[in-house]
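Accompanying notes for the structure given below.
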Amino acid sequence: MSSFPSRAILTIDLAALQNNYETLQKIVSPAECAAVVKANAYGLGLLEVVNALVAAGCKTFFVASLDEAVSLREAKINQTIYVFDGVLPAAPPYFIEYNIRPVLNSIEQIHYWMQFLQSRNIQGYPASIHIDTGMNRLGLEKKDLIALEDNNNLKKITPSLIMSHLACADDVDNPMNGVQLEKFQAVTSYFPDVEKSLANSAGLFLGQKYHFDLVRAGISLYGGNVQPHLQNKMSRVVKLESQIIQIRECPKGGTVGYGATQTLKRDSQLATLAIGYADGYFRALSARSKKQGAYVVIHGQRFPIVGRISMDLITVDITDCHDQSISVGDFAQLIGPDISIDELAHWADTIGYEVLTDLGARHKLVYKNKL
């Protein structure tokens with residue numbers, strides 16, 4: 001197939017990804033730093049990201065669903081893989097066939113899992129038990145553990161990992177962090193010889209007492225800032241660029257885009273970029289007469305978006321270009337060295353996680369420093 005010119009390019013710097021992993025592993029040592037690669041590695045390409053992290057020394061991966069785990073096994077990834085969804089109906093045989101570990105999230109999942117293992121006369125198969133310490137989303141409560149212990153069922157599960165999840169780790173002063181830590185510590189007596197995991201990306205920066213045996217790094221691997229009050233320690237992994245496909249003059253009083261939501265206050269020069277909300281560039285980043293939208297960077301200079309973002313296009317005001325050298329075919333940076341995923345998320349009133357996972361499938365993917 002011919003290689004056509006690309007309207008937008010998403011570049012993933014795998015060396016930056018590896019550097020972030022190595023930085024996080026140093027921070028949490030002697031604990032192990034595992035990688036969360038769910039949702040297609042936060043939208044950046046599951047297999048490419050995992051291969052890079054394996055080369056950087058990562059030994060344990062967490063995915064959301066069984067199909068993600070199976071795809072890694074079929075690609076000859078031999079490291080430990082946990083599935084956050086746990087054991088769903090008809091799924092247990094595939095965990096065994098592909099040597100994948102479930103995260104058991106409820107008493108029902110545990111009973112279902114035990115019944116399957118007993119029916120196949122399988123003993124000692126590793127699985128994680130998820131303890132709820134305050135999220136009230138997934139996980140067993142203390143009463144569930146007591147019931148399992150009373151029925152002598154804890155010994156039948158052979159857990160390889162006990163885990164929980166922090167709700168407010170990105171807020172270092174939130175008392176919820178300490179409450180969840182105490183609740184997690186309170187259940188560790190049930191599993192004295194089993195590895196434990198509490199911290200996510202933000203949690204691993206809360207200090208060593210949150211690290212236990214294993215931390216689960218996610219957004220920080222991909223360059224996200226999990227400490228909003230501090231300068232980001234992570235290297236930037238993602239760059240998103242889009243081509244200018246038209247430059248036009250628009251007089252003072254003209255309106256821009258659907259709904260005519262922005263009226264120009266001066267004679268303006270506008271550049272139209274070949275990217276929109278179908279590419280994961282949020283409509284919430286639009287501008288209107290009384291509200292500033294997002295910015296892009298062209299030739300090292302920031303320019304504001306004007307009008308609404310549409311499905312395939314955005315419009316940028318380049319009137320104040322310093323060097324007057326912007327041309328059709330030039331690329332504008334929407335995420336990259338000059339605009340972080342967290343800055344873009346702030347403009348859209350969302351989080352960096354959503355920015356990454358919604359980037360869309362229409363971009364040309366380029367992997368920099370690929371093995």
Side-chain angles (χ1 to χ4, degrees), residues 21 31-132 137-140 148 153-165 191 193-201 212-218 221 357:
Y21 176 79
E32 176 188 351
C33 184
V36 179
V37 292
K38 61 183 179 178
N40 192 31
Y42 287 46
L44 304 187
L46 180 61
L47 186 57
E48 290 82 0
V49 164
V50 168
N51 275 327
L53 291 173
V54 167
C58 187
K59 300 176 181 178
T60 304
F61 294 91
F62 287 82
V63 296
S65 60
L66 182 59
D67 62 314
E68 290 176 325
V70 169
S71 70
L72 289 177
R73 286 289 186 248
E74 290 180 340
K76 309 301 182 185
I77 300 298
N78 298 318
Q79 279 66 25
T80 299
I81 303 174
Y82 284 96
V83 175
F84 281 131
D85 280 351
V87 180
L88 302 178
Y94 296 100
F95 282 95
I96 306 301
E97 178 182 353
Y98 288 95
N99 188 26
I100 298 164
R101 302 182 183 187
V103 176
L104 303 173
N105 296 298
S106 67
I107 196 77
E108 293 81 8
Q109 284 195 357
I110 284 180
H111 285 150
Y112 190 58
W113 181 242
M114 286 193 303
Q115 290 171 4
F116 170 77
L117 295 181
Q118 290 170 2
S119 70
R120 299 292 183 91
N121 195 27
I122 298 172
Q123 296 180 351
Y125 193 90
S128 174
I129 295 179
H130 183 182
I131 307 297
D132 177 35
R137 190 178 61 171
L138 289 175
L140 281 75
L148 287 168
N153 281 329
L154 281 181
K155 296 180 180 178
K156 299 177 183 178
I157 302 171
T158 320
S160 54
L161 182 71
I162 307 302
M163 60 169 283
S164 189
H165 194 63
F191 310 96
D193 301 318
V194 181
E195 289 193 345
K196 299 167 185 68
S197 176
L198 176 62
N200 52 6
S201 283
F212 291 91
D213 301 292
L214 179 145
V215 302
R216 308 182 306 275
L221 287 172
T357 57

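Computed from heavy atoms alone, side chains included, the values below leave out hydrogens, waters and symmetry copies.
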Straight-line distance of [X] [atom1] to [Y] [atom2], nearest 0.5 Å:
| X | Y | atom1 | atom2 | result |
| --- | --- | --- | --- | --- |
| I96 | L117 | CD1 | CG | 5.5 Å |
| K59 | C33 | NZ | SG | 12.0 Å |
| L221 | S201 | CG | OG | 6.0 Å |
| H111 | E108 | NE2 | CD | 8.5 Å |
| Y21 | C58 | OH | SG | 4.0 Å |

Legend entry - Residues L53, V37; criterion side chain to side chain contact (heavy atoms under 4.5 Å, CB included); working and verdict: CA-CA 10 Å; L53 291 173; V37 292; 4.3 Å; yes
Quick one: list whatever passes side-chain contact (heavy atoms from CB on, under 4.5 Å) with [X], sequence neighbours left out.
| X | result |
| --- | --- |
| Y94 | L66, E97, Y98 |
| N105 | V103, Q109, H130, L138 |
| N200 | H165, L166, A169, A202 |
| Q123 | N121 |

Inset, instruction - Provide the full list of ring-ring contact (aromatic ring centres under 6.0 Å, His included) pairs with a residue in residues 37-59, sequence neighbours left out, each pair given once. - result: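 Residue pairs with at least one partner in residues 37-59: Y42-Y222.
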Taking the side chain as every heavy atom from C-beta outward, state whether [X] and [Y] have any pair of such atoms under 4.5 Å apart.
| X | Y | answer |
| --- | --- | --- |
| I110 | L140 | yes |
| L46 | E68 | yes |
| I129 | I131 | yes |

For [X] and [Y], indicate whether the former's side chain and the latter's backbone hold a donor-acceptor pair under 3.5 Å.
| X | Y | answer |
| --- | --- | --- |
| D213 | A31 | no |
| R73 | N99 | yes |
| T357 | G43 | no |

Inset, instruction - For atom NZ of K196, decide whether the heavy atoms of other residues, nucleotides or ligands shown that lie under 6.0 angstrom number more than 12. - result: yes
Legend entry - Given I162, V215, L161, the one that forms side-chain contact (heavy atoms from CB on, under 4.5 Å) with S197: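 Considering I162, V215, L161, a side-chain contact (heavy atoms from CB on, under 4.5 Å) with S197 is found only for L161.
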Considering residues at least two apart in sequence or located in another chain, which fulfil the side chain to side chain donor-acceptor pair (under 3.5 Å) criterion with [X]?
| X | value |
| --- | --- |
| D67 | S65 |
| S164 | T133 |
| E32 | T60 |

Looking only at heavy atoms, which two atoms of [X] and [Y] are closest? And how far apart?
| X | Y | result |
| --- | --- | --- |
| P159 | V194 | O-CG1, 3.6 Å |
| K38 | A64 | CB-N, 3.4 Å |
| V36 | G218 | CB-CA, 4.0 Å |

Contacts table for residues 78-93: side-chain donor-acceptor under 3.5 angstrom, sequence neighbours left out:
from: Y82; atom 1: OH; to: R101; atom 2: NH1; distance (Å): 3.1
from: Y82; atom 1: OH; to: S160; atom 2: OG; distance (Å): 2.8

Legend entry - Partner residues of Y125 under the ring-ring contact (aromatic ring centres under 6.0 Å, His included) criterion, sequence neighbours left out: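 Partners of Y125 by the ring-ring contact (aromatic ring centres under 6.0 Å, His included) criterion, ordered by chain and then number, come out as W113.
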Inset, instruction - Check the pair F95 / V70 against side chain to side chain contact (heavy atoms under 4.5 Å, CB included), numbers first and verdict last. - result: CA-CA 9 Å; F95 282 95; V70 169; over 6 Å; no
